[in-house]
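See below for the structure under consideration.
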Number of protein chains: 2
Amino acid sequence: MGFKFETVKANRISQNIVEQIRGAILAKELKIGDQLPSEKDFAKHFGVSKSSLREAYRVLEAYGLLEIRQGMSGGAFIKEVDLTTVKDSLVNYFFFQNPGIREYTQIRTFIEPQIVKICAEKITVEDIEYLENNILAMEQEPDGKHFISDLDIAFHKKLVDISKNKIISLIVESVQAALINIKRIVHTDEQFLKMVCDGHKKIVNALRESDPKKASEAMLDHINEVEKGMMASKKGSMIITEKGLLKQDRGSK
Amino acid sequence: MGFKFETVKANRISQNIVEQIRGAILAKELKIGDQLPSEKDFAKHFGVSKSSLREAYRVLEAYGLLEIRQGMSGGAFIKEVDLTTVKDSLVNYFFFQNPGIREYTQIRTFIEPQIVKICAEKITVEDIEYLENNILAMEQEPDGKHFISDLDIAFHKKLVDISKNKIISLIVESVQAALINIKRIVHTDEQFLKMVCDGHKKIVNALRESDPKKASEAMLDHINEVEKGMMASKKGSMIITEKGLLKQDRGSK
DNA sequence: AATATTAAAACATCTGATCTTTTAATATTT
DNA sequence: AAATATTAAAAGATCAGATGTTTTAATATT
C-alpha cells in the first residue's frame, strides 16, 4: 500500500517517564544542575511505584542525562552528557558493525589533513611545545605497551582541539578510541614506533613553518603509513584482552 | 605530583552486572540472539535481588545491547546496537555542546565533497535514477513543511551509502539529524527550496558524467550555499517545537 | 575554634506478592 | 483433518513495604 507503519511497543511506565523527562530537557524546561524530586516524591507524583521510577532514573543515567548521588543532600540532578557516554555508545555500535581498518583510515584521511591546514594558521608556540613534548615522551617510552596509544591519541586530539570544532573533536577522538578499543591492537615493535614518531615530527615541522599544504600532506602520508603498518603487522602485533593482559594475536580468518 | 587519579564511584550492584555482561559481549562470549537467563534465575545466580538485576537489564537495554520481551518465550536477548541508539546519544551530546551552524557545515565540507568523488566512480544507473526521483519529489512538494528535510537527508544519505563506509554513513546521518533535530529549523521559502534543488541537480549531473572533480566542487558549493541560506534566513525560517507545531523563529540573541 | 557525634534525608537493596503479556499446548468445532 | 478457540505456564511489569548504607547538616563536645 505504499505506506509503512512503524512497530509500536507497549508503553512501559519507566519508558514513559524517561521520555517525559528527556523531553523536558530538550525543551529547555530542565537545565543542567536542576534537581529532580526524590524517588519517593516523584513516584507519588507520577502515581507509580518507586521501582518503576528508579528504572527510569537508571535509564536517564545511562543516557548520561542524570547524575544520581546518595546521601543527605543527594538526589537526581540534570547533567550535561559527557564525551565518554557518546564514545561508549559509538564503541558499542562499531563493535557490531565491525568496520575494516580501511574504513577507519578513510574517514581520518578526509578529516585530519584538513584539520592541520587550519592548525597551520592558528597554532601557538605553546601548542607546538606540547606536541614536541608528546613526541619526546613517545620516543622515550621504553618498550611501548599501551602508553603509545594514549600518547598517539593525545597528539591527534591536540591538533583537532586547535580547530575548535566540537563535532570534529568528537568524531576524531571516537574513531581513534573505537579503532583501538575494538581492534585492541597495539603495535609494540620499534619500527612501528619510529614510523609514528617520524610522521608526527614531519607534521609538527610543517606547522612550525606555518605551511598548511605541507602539514596537510604530512598528515595524509602519516595516516596512510599507519594503516599500511597495521595491515602488515597484524600478525605480529599484540592485542589487549578484556582483562588487560597482553597476548599474541594470531591474525583473523 | 604530576599524577592524576580518577574519581571512583561506589560500585552499584546493577552497574557491576552491566559491566560484566557488556564485557562478555565485547569479549565475544555472548553473541547476537543469545538469551540471558530469566530475571529470577539470573538474580539468584548473581546472589542479588530481582530489582537490582532488573535495573541492570534496563541499562543494557538503554545501551541498545539488550532486547527484552515479555510473555512465555520472552526474556532478555543480546541485540546488535542500532543506528537510532547512537544517533540519539549524539543528539543528546550535541544538545549541550550546542555547536554553531559553522561547525556542522565545516565537517560536511570535509567529508561530503570527498564522498561524491568516490561516488562518481562507483555510481550505477539505479542510483542516478533514485537521486533524480528524489529531486523531482522535492520540486513537487507543494509548500515544503518538514518533508523537505526528510528528502534532503535521503539525498545525502544515498550518496554516502554508495561509498560503503559504515563509519562515514553514521557520521553524515547523525550530523544532519542533529542539525535538524537540535536547531529544528526548516526552510519553507520557495527561494531556499529552489537553491537546494539546483545544488542537488548540479551534483547529479556531474555524477552522471562520472566527473569526480566537478561533483566534488558542486557538493562543496552546495553545502556552503545552504549554510549561507540558513544563516541569512534564520529570522524568516520556521522552527519545529517539541509538540511538532510550527512557529515563527525570532532569531536568537 | 576545632573536632567529634548524631540525626535525618535520600539512595540502594531485598522480599515477596500480584498483574499482564505472550505463546505453546490442548481442546473444540467445522 | 484442518481450522479455531481455550487454557495454562513462563516471563516480564508493577507494586508495597521493610531494611541497609551513604552523605551531610546540625549539634555537642573538647
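Naming convention: chains lettered A, B, ... in sequence-line order (proteins, then strands); numbering from 1 in each chain. All values derive from a computational prediction rather than experimental measurement.
- Following rounding to the nearest Å, B/F42 (CZ) and D/dA11 (P) show an atom-to-atom distance of 14 Å.
- C/dG16 atom C1' lies 14 Å from atom CD of B/E39, rounded to whole Å.
- Taking each heavy atom of B/V81 and A/F96 in turn, the nearest pair found is N-CD1, 3.5 Å.
- Taking the six-membered ring where the residue is Trp, A/Y104 and A/F94 present perpendicular rings, their angle passing 60° and hence far from 30°.
- Interatomic distance, NZ of B/K87 versus OH of A/Y93, reported as 9.0 Å (0.5 Å rounding).
- Side-chain contact of B/D127 with B/T124: a donor-acceptor pair under 3.5 Å is present, judged by distance alone.
- Side chain to side chain, A/R102 and B/N165 fail the donor-acceptor criterion of an N or O pair below 3.5 Å.
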Give every pair of a protein N or O atom and an N or O atom of nucleotides 15-21 of chain D that lie under 3.5 Å apart, one pair per line with the distance.
from: D/dC15; atom 1: OP2; to: A/S49; atom 2: N; distance (Å): 2.8
from: D/dC15; atom 1: OP2; to: A/S49; atom 2: OG; distance (Å): 3.2
from: D/dC15; atom 1: OP2; to: A/S52; atom 2: OG; distance (Å): 2.9
from: D/dA18; atom 1: N6; to: A/K50; atom 2: NZ; distance (Å): 3.3
from: D/dT21; atom 1: O2; to: A/Q70; atom 2: OE1; distance (Å): 3.3

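- Of the residues B/Q15, B/E61, B/E55, the one that meets the side chain to side chain donor-acceptor pair (under 3.5 Å) test with A/R58 is B/E55.
- Remark: A/R54 is not in phosphate contact with D/dT14, judged by side-chain N or O atoms under 4.0 Å from OP1 or OP2.
- Atom pair B/E61:CD and D/dG12:P shows a separation of 12 Å (rounding to whole Å applied).
- When the nucleotides C/dA12, C/dT22, D/dT24 are ranked by their closest atom to the side chain of B/M72, C/dT22 comes out on top.
- The CD1 atom of B/I68 sits 14 Å away from the P atom of C/dT22 (whole-angstrom rounding).
- Contact annotation: A/R12 side-chain N/O to D/dG12 OP1/OP2 distance is not under 4.0 Å.
- Scanning DNA chain D for stems, defined as runs of 3 or more consecutive Watson-Crick or G-U wobble pairs whose donor-acceptor distances all fall under 3.5 Å, gives the following ranges: C:1-30 with D:1-30.
- Residue B/N11 contributes atom CG, which lies 15 Å from atom C1' of D/dT22 at whole-angstrom precision.
- Counting to the nearest Å, the C1' atom of D/dG12 and the CD atom of A/Q15 are 15 Å from each other.
- For the atom pair A/I167 CD1 and B/I107 CD1, the distance stands at 7.5 Å (nearest 0.5 Å).
- Phosphate contact (OP1/OP2 of D/dA10, side-chain N/O of B/S38, threshold under 4.0 Å): absent.
- In this structure, B/F77 atom CZ and D/dG12 atom C1' are separated by 11 Å, rounded to whole Å.
- Residues satisfying the side chain to side chain donor-acceptor pair (under 3.5 Å) test with B/S169, not counting sequence neighbours, are B/D161.
- Toward the 5′ end of DNA chain D lies the nearest nucleotide of A/S14, the other residue of the pair A/R69 and A/S14 mapping further downstream.
- Ring-plane geometry between A/F155 and A/H200 is classed as parallel, the angle between the planes falling under 30 degrees on a 0 to 90 degree scale with a further cut at 60.
- A/Q35 places its CD atom 13 Å from the C1' atom of D/dT24, with the value rounded to the nearest Å.
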